[in-house]
Amino acid sequence: MIYVLYACLAAILVAMGLVLVRLERGPANLDRAVALDVITSASVGILVILMALTGRIDLLPLLVVFTSVGFISSTTIARFSPAESITERHILTPEEAARTEVPEFQDTDAPVHPDADEIIGTQPAGGEGR
Amino acid sequence: MIEWLQVVGVAFIALGAFLTLVTAIGMHRLHSLFARMHASTKPQVLGVIVMCAGLACVMQKPRVSYTLLLVVIMQLVVAPISAHMLGRAVYRLKQLDPDVIVLDEYAEDLARAERHLREVGETEGVASGDPLPPPT
């Protein structure tokens with residue numbers, strides 16, 4: 001029976017690894033929030049298996065805390081996540097970068113202080129009082 | 001300690017671990033966010049229930065069983081909150097491929113509310129508390 005429990009532990013660890021891959025890859029932040037939820041419930045599973053293996057009762061409050069608090073992270077992400085454009089979601093592949101065409105910053109306005117260069121040039125180096 | 005009950009408990013825990021693994025495969029392979037949310041609900045509700053039942057069968061102590069019941073109730077309260085918030089955020093931020101949705105009742109609802117606001121809201125104010133007209 002103990003070996004079955006060890007196999008379960010291995011299965012959950014593999015599952016957490018797969019979810020971590022999704023957490024790293026997920027195109028939007030909300031995908032990552034969903035993956036975070038799954039990781040929380042997988043760690044609840046790990047706690048359950050540890051308790052069954054060792055017979056420790058003192059892990060029970062941890063279980064309660066995990067289930068009652070684990071939802072806060074994903075809810076917060078969902079509530080406060082801003083609308084993100086496709087260019088901000090993840091590191092773009094070259095094809096995507098070519099397709100989305102981030103506009104380059106162009107300064108076409110007239111300068112506000114045309115004589116700024118002269119003013120900066122005439123100031124003493126290091127400023128005053130320092 | 002009843003021996004066969006412990007075997008049943010370990011079988012339950014194995015079922016929960018299997019559900020978690022299935023979820024992870026689903027998270028890895030499914031293509032859209034709603035499909036992944038569908039996969040992610042399995043260990044959150046059924047997996048936690050099954051694993052807590054299994055642990056109660058293995059431990060066979062009343063104190064542990066009551067606390068595990070509390071855990072299950074907590075999970076049942078909490079899981080819909082995060083799922084609702086996530087789904088709402090996905091819809092509102094328009095991070096959704098429109099081809100994914102087969103039936104979009106929320107858009108109809110929003111359109112109906114917009115129409116109602118155009119008819120009533122400008123003269124009487126938005127917060128007049130009038131009930132929305134029935135769906136056509």
Side-chain angles (χ1 to χ4, degrees), chain A residues 1-2 4-5 7-12 14-23 25-31 33-38 40-42 44-49 51-52 55 57 60-61 63-64 66-84 89, chain B residues 6-7 9-11 13-29 33 36-37 39-45 47-48 51-52 54-55 57-59 61 63-64 67-68 70-75 77-90 92-95:
Chain A
M1 250 176 10
I2 286 186
V4 177
L5 286 180
C8 294
L9 201 58
I12 290 189
V14 168
M16 283 179 97
L18 282 177
V19 176
L20 273 182
V21 170
R22 167 57 69 192
L23 191 74
R25 211 176 50 174
N29 270 340
L30 292 169
D31 296 85
V34 175
L36 213 59
D37 260 355
V38 175
T40 308
S41 45
V44 167
I46 283 183
L47 277 178
V48 165
I49 292 176
M51 287 177 69
I57 302 185
L60 262 178
L63 213 58
V64 178
F66 257 72
T67 47
S68 57
V69 178
F71 81 109
I72 290 180
S73 58
S74 61
T75 306
T76 312
I77 293 174
R79 180 68 184 80
F80 293 112
S81 69
E84 50 185 7
R89 282 189 196 171
Chain B
Q6 282 195 332
V7 175
V10 170
I13 291 180
L15 182 61
F18 173 70
L19 277 173
T20 309
L21 189 60
V22 167
T23 298
I25 295 171
M27 292 287 295
H28 194 67
R29 298 203 48 180
L33 211 160
R36 281 197 287 272
M37 279 175 69
S40 82
T41 342
K42 262 84 202 170
Q44 272 180 355
V45 182
V48 166
M51 288 189 114
C52 286
L55 187 60
C57 290
V58 169
M59 302 288 257
K61 288 175 183 143
R63 203 164 46 134
V64 177
T67 317
L68 288 175
L70 176 69
V71 168
V72 168
I73 291 174
M74 208 64 113
Q75 189 68 29
V77 169
V78 145
I81 298 176
S82 70
H84 171 81
M85 289 299 289
L86 279 171
R88 184 169 162 274
V90 171
R92 291 207 166 177
L93 297 182
K94 300 195 178 5
Q95 292 191 352

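To find a chain, count down the sequence lines: A is the first, B the second, and so on, and within it residues start at 1. Reckoned from all heavy atoms, side chains included, excluding hydrogens, waters and symmetry mates.
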Fill in: Working for side chain to side chain contact (heavy atoms under 4.5 Å, CB included), residues B:L68 and A:M51
CA-CA 12 Å; B:L68 288 175; A:M51 287 177 69; 5.8 Å; no
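Across B:M59, B:Q75, B:R36, B:M37, the residue that shares the most heavy-atom pairs under 4.5 angstrom with chain A is B:R36. Among B:V72, B:I81, B:V10, the residue with the largest count of heavy-atom pairs under 4.5 Å with chain A is B:V10. Here A:I57 is the residue among A:V21, A:V19, A:V4, A:I57 with the most heavy-atom pairs under 4.5 Å with chain B. Between chain B and the options A:L63, A:I72, A:L60, heavy-atom pairs under 4.5 Å are most frequent for A:L60. By number of non-hydrogen pairs under 4.5 angstrom with chain B, the leading residue of A:A15, A:P61, A:G45 is A:A15.
Atoms CG and CD1, from B:L55 and A:I49 in turn, are 10.0 Å apart once rounded to the nearest 0.5 Å. If you take CE on B:M85 and CZ on A:F80, they are separated by 8.0 Å, rounding to the nearest 0.5 Å. Atom CG of A:L20 sits about 10.5 Å away from atom CE of B:M27, to the nearest 0.5 Å. Remark: B:R88 CZ to A:L30 CG distance equals 12.0 Å, nearest 0.5 Å.
With a threshold of 4.5 angstrom between heavy atoms, B:V58 approaches chain A through side-chain atoms but not through N, CA, C or O. If you measure heavy-atom distances from B:V77 to chain A, you find no contacts under 4.5 Å at all. In this structure, the portions of A:V34 lying under 4.5 Å from any heavy atom of chain B include both its backbone and its side chain. In this structure, the portions of B:I13 lying under 4.5 Å from any heavy atom of chain A include both its backbone and its side chain. Both the backbone and the side chain of B:V71 come within contact range of chain A, each with at least one heavy atom under 4.5 Å from a heavy atom of that chain. Looking at A:V64, both its backbone and its side chain come within 4.5 Å of chain B, counting heavy atoms on both sides. For B:T23, the part sitting under 4.5 Å from any heavy atom of chain A is the side chain, from C-beta outward, and nothing else. Interface residue A:T67: backbone and side-chain heavy atoms are both found under 4.5 Å from chain B. With a 4.5 Å cut-off on non-hydrogen atoms, B:I25 touches chain A through its backbone and its side chain both.
A:D37 and B:S40 share no side-chain donor-acceptor pair at under 3.5 Å.
Considering every non-hydrogen atom in both A:C8 and B:A14, the closest pair reads SG-CA, 3.3 Å. Taking each heavy atom of B:L21 and A:A11 in turn, the nearest pair found is CD1-O, 3.5 Å.
With sequence neighbours excluded, the residues forming a side chain to side chain contact (heavy atoms under 4.5 Å, CB included) with B:V22 are B:F18, listed by chain and number. A:R22 is linked by a salt bridge (Lys or Arg N to Asp or Glu O under 4.0 Å) to nothing, counting only residues two or more places apart in sequence or in another chain.
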